[in-house]
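A short write-up of the structure that comes next.
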Amino acid sequence: MLPYINTPFDYLGSKIGAGGDELKLVFSFLLSYPLAGLLKRIPDTKPVQKNLFIIGVGLFYLVGLFDLWDGLRTILISSAGAYAIAKFLRGSPFMPWIGFVFLMGHMSINHIARQRANDPRSVDVTGAQMVLVMKLSAFCWNVADGVLPEDQLSDFQKDRRLVELPSLLDYAGYVFFFPSLMIGPAFDFAEYKRWLDTTMFEVGPAVDPAKKPPTRRKRKIPRSGTPAMLKMVTGLIWVGLFVKLSAWFDVSVLTSPEYMEYGFLRRLLILHLVGVTARLKYYGVWTLTEGACILSGLGFNGVDPKTGKVSWDRLVNIRPWGVETAQNTRAYLENWNINTNKWLRNYVYLRVTPRGKKPGFRASLATFTTSAFWHGFYPGYYMSFVLASLIQTVAKNLRRYLRPFFLDPKTQNPLPHKKYYDFLSWLTTQLAFSFATAPFLILSFSGSVQLWARVYFYGIIGTLASMAFFASPAKLYLKKQIEARAAKAGVELKSTPAITPTDRKPGVGDRGELPRTVSTDSISSSREPLLGLSQDPQRELDEAISEIKAEMEARKRKGSHVEASAPKKSS
């Protein structure tokens with residue numbers, strides 16, 4: 001570590017009530033901007049120099065700035081182990097699973113060590129390792145896809161597959177990519193390679209040559225200074241708000257004696273503001289790191305063929321407005337930790353599903369377990385995950401059986417009184433997640449139960465009461481009323497398949513064209529879990545029971561067949 005590097009951060013931290021390591025982390029994000037600007041100015045024809053520059057800065061962050069020698073060792077063990085597994089077990093169908101178990105197991109050891117140290121204000125390597133697990137487990141799958149015939153791959157797999165194992169230098173650059181080293185965002189090696197050789201910036205023939213994005217000095221990377229600076233300023237605003245509000249709404253206030261001096265409604269407001277304040281920190285740091293990635297060019301995500309406008313949202317990881325204005329659980333979770341959602345979907349949920357079959361209970365269970373273990377082992381994490389999964393079920397039923405009464409059955413346009421439904425949906429969603437995510441902040445079991453008791457377990461009672469309501473004849477009554485409204489309007493109700501993000505054409509948004517957006521409404525019925533939380537736990541539980549019964553019957557028939565075909569002994 002550089003001599004006296006801690007002195008200014010500790011001094012400033014004592015003045016504003018922040019930890020020195022926390023300030024160093026923000027400083028590293030800001031330092032990434034001028035360094036990313038230098039990185040972009042390395043000639044496109046010199047990828048070796050780019051890799052060396054990235055590795056050098058990454059090492060400086062780990063050991064020069066944070067003195068994380070143990071952290072460097074951890075990253076080297078994970079990255080070397082994953083590369084060795086991918087190389088020497090490349091032809092084995094078990095290779096990506098072995099790599100996944102190795103990476104998750106190694107990270108779990110560090111999670112436990114961090115939990116025992118119990119110092120939330122210190123910077124350790126677990127944040128960087130969580131990002132690395134996403135990157136390297138995806139890397140193992142991409143290598144495994146590289147040896148399979150194309151007719152066995154999805155469009156996404158074809159786009160990310162690695163037919164050849166990358167060089168150690170390219171791989172090290174991928175591991176130590178400094179703008180996203182400490183907390184993300186994560187991305188696949190194929191994306192890094194396209195950025196490195198600049199093929200990422202080749203626009204398609206649909207784009208008018210006159211509308212190609214401007215570059216400097218014959219570089220292929222378009223100018224990205226303005227969108228990067230906007231992200232930096234926005235991120236600093238979020239961080240500033242967090243520092244200001246955390247003095248009043250720190251998580252410790254929820255378990256303090258003073259909290260019970262307020263009335264119930266005031267306690268609800270404080271609980272919600274504590275959650276908002278905690279989210280501000282993530283809004284800030286994720287926006288700052290995304291901006292540095294944009295400045296380096298890696299955030300490039302295509303060009304609109306009509307307007308020539310460049311999209312820089314490849315690595316967006318958070319949409320604060322979407323979270324804070326969410327009117328349902330899916331919208332809330334879709335806008336939070338977006339790249340983790342992508343990783344869980346593409347490299348867990350869809351990978352545990354046999355080819356040719358639809359994902360079911362086992363895929364959701366594997367995704368839930370992975371997401372929980374990936375976060376760590378604090379009891380509060382699991383309390384939040386289980387309750388949030390139940391809230392998902394309630395939200396699905398409310399949207400399915402109450403929302404239609406606020407829409408015109410013929411045109412599906414909002415009726416005048418839908419604004420009241422929207423407001424109540426927003427309020428319910430925000431209060432439900434304020435309650436459900438509190439243990440995620442408190443971490444301990446006893447502290448979480450204490451807080452829940454202080455607000456009379458409203459989230460649990462409301463969730464169970466809603467589940468009981470929709471398990472009663474009331475659900476059938478609402479369904480008949482919806483059908484009656486539709487029949488009166490002359491509309492025949494029929495179920496239509498939901499549009500999912502996988503419906504878009506392969507490669508769109510990755511190489512020269514903007515991706516087509518999908519509205520929240522159009523994917524509201526998708527069953528893919530978000531952050532590991534099932535969208536329809538009841539349905540998947542029913543499927544699990546059916547699968548178990550079918551397997552037991554199959555084994556019973558097989559046993560009967562074997563018994564019948566066995567030769568009988570003569571007396």
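Both backbone and side-chain heavy atoms feed into the values below; hydrogens, waters and symmetry mates do not.
- For K87, the NZ atom is loosely surrounded, since the number of other residues' heavy atoms within 6.0 Å does not exceed 12.
- V133 approaches W374 most closely through the heavy-atom pair CG1-CD1, 4.2 Å.
- Checking side-chain atoms of R41 against main-chain N and O of G37 turns up a donor-acceptor pair under 3.5 Å.
- Checked by atom type and distance alone, the side chain of Q152 never pairs as donor or acceptor with a backbone atom of P149 at under 3.5 Å.
- Between W141 and W97, the ring planes lie perpendicular to each other; the angle is over 60°, past the 30° to 60° tilted range.
- T199 and E202 form no side-chain donor-acceptor contact under 3.5 Å, judged by distance and modelled atom types alone.
- Between K24 and D67 there is no salt bridge, since none of the side-chain N atoms of the basic residue sits less than 4.0 Å from a carboxylate O of the acidic one.
- At least one side-chain heavy atom of Y61 sits under 4.5 Å from a side-chain heavy atom of L35.
- Classified by interplanar angle (parallel below 30°, tilted 30° to 60°, perpendicular above 60°), the ring pair Y382/F377 is parallel.
- Here the CG-OH distance, from L136 to Y83, works out to 12.5 Å after rounding to the nearest 0.5 Å.
- Between Y174 and Y171, the ring planes lie tilted relative to each other; the angle falls in the 30° to 60° range.
- Counting only heavy atoms from C-beta outward, the side chains of I294 and L315 never approach each other to under 4.5 Å.
- The backbone N or O of A366 lies less than 3.5 Å from no partner atom in the side chain of T369, so there is not a single donor-acceptor pair.
- A donor-acceptor pair is defined here as one N or O able to donate and one able to accept, closer than 3.5 Å; no such pair exists between the side chain of T198 and the backbone of K220.
- Taking the side chain as every heavy atom from C-beta outward, V352 and R362 never approach each other to under 4.5 Å.
- Residues W336 and R279 are in side-chain contact: their nearest non-hydrogen atoms beyond the backbone lie under 4.5 Å apart.
- For the atom pair I85 CD1 and S137 OG, the distance stands at 11.5 Å (nearest 0.5 Å).
- The heavy-atom pair separating S364 from Y349 by the smallest distance is OG-CE1, 3.7 Å.
- No donor-acceptor pair closer than 3.5 Å links the side chain of S371 to the backbone N or O of F368.
- The pair D188-R160 meets the salt-bridge criterion, with a side-chain N (NZ, NE, NH1 or NH2) lying under 4.0 Å from an Asp/Glu carboxylate O.
- L89 is not listed as a side-chain neighbour of F94, based on a closest heavy-atom distance of 4.5 Å or more.
- For F385 against A372, the heavy-atom pair with the smallest separation is CE1-CA, 4.2 Å.
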- [ ] Go through the steps for L162 and D145 under the test side-chain contact (heavy atoms from CB on, under 4.5 Å), then give the verdict.
- [x] CA-CA 7 Å; L162 300 176; D145 291 340; over 6 Å; no
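- Residues F176 and L181 come closest through the heavy atom pair CA-CD1, 4.2 Å.
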Open item on the list: I'd like to know whether Y381 forms a side-chain contact (heavy atoms from CB on, under 4.5 Å) with L443, so could you lay out the CA-CA distance, the side-chain angles of the two residues, the decisive distance to 0.1 Å, and finally the verdict.
Closed with: CA-CA 7 Å; Y381 293 163; L443 301 179; 3.4 Å; yes
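- In terms of heavy atoms, S78 sits closest to Q129 at OG-NE2, 3.5 Å.
- Judged by distance alone, with hydrogens and angles left aside, the side-chain atoms of S180 form no donor-acceptor pair with the main-chain N or O of A186 at under 3.5 Å.
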TODO: Output, in order, the C-alpha distance, side-chain angles, deciding distance and verdict of side-chain contact (heavy atoms from CB on, under 4.5 Å) for Y347 and F100.
DONE: CA-CA 10 Å; Y347 297 109; F100 177 81; over 6 Å; no
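- The six-membered or imidazole ring of W195 lies away from that of F300, with a centre-to-centre distance of 6.0 Å or more.
- R314 places none of its side-chain heavy atoms less than 4.5 Å from the side chain of F187.
- At least one side-chain heavy atom of F177 sits less than 4.5 Å from a side-chain heavy atom of L39.
- In this structure a side-chain-to-backbone donor-acceptor pair under 3.5 Å is present from R161 to L148.
- The distance from atom CZ of F178 to atom OG of S28, rounded to the nearest 0.5 Å, is 11.0 Å.
- The pair R194-D159 meets the salt-bridge criterion, since a charged nitrogen lies less than 4.0 angstrom from a carboxylate oxygen.
- Between N110 and R114 the shortest side-chain heavy-atom distance does not fall below 4.5 Å.
- Counting only residues at least two apart or on different chains, the salt bridge (charged side-chain N to carboxylate O under 4.0 Å, His left out) pairs with a member in residues 281-303 are K231-E290.
- Around atom CD of E164, no more than 12 heavy atoms belonging to other residues, nucleotides or ligands sit under 6.0 Å away.
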Using a 3.5 Å cut-off and no angle test, enumerate the donor-acceptor pairs between side-chain atoms of residues 47-59 and protein atoms at least two apart in sequence or in another chain.
| residue | atom | partner | partner atom | Å |
| --- | --- | --- | --- | --- |
| N51 | OD1 | Y192 | OH | 2.5 |
| N51 | ND2 | P47 | O | 3.4 |
| N51 | ND2 | D170 | OD1 | 2.7 |

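- Within the model, atoms NE2 of H106 and CD1 of I75 stand 10.0 Å from one another, a figure rounded to the nearest 0.5 Å.
- Note that CG of L196 is 13.5 Å distant from CD of E191, once rounded to the nearest 0.5 Å.
- The shortest heavy-atom contact between G297 and I221 is CA-CG2, 3.8 Å.
- Donor-acceptor pairing under 3.5 Å is lacking for the side chains of N341 and W343.
- Sorted by first and then second residue, the ring-ring contact (aromatic ring centres under 6.0 Å, His included) pairs with a member in residues 219-240 read W238-Y283; sequence neighbours excluded.
- With N317 as the fixed residue, the side-chain hydrogen bond (donor to acceptor under 3.5 Å, both in side chains) test singles out one of T287, T340, N339: N339.
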Task: side-chain contact (heavy atoms from CB on, under 4.5 Å) between R345 and L350, worked out - done: CA-CA 6 Å; R345 176 189 183 275; L350 296 178; 3.5 Å; yes
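- Here L38 contributes atom CG and S296 contributes atom OG; the two are 12.0 Å apart, rounded to the nearest 0.5 Å.
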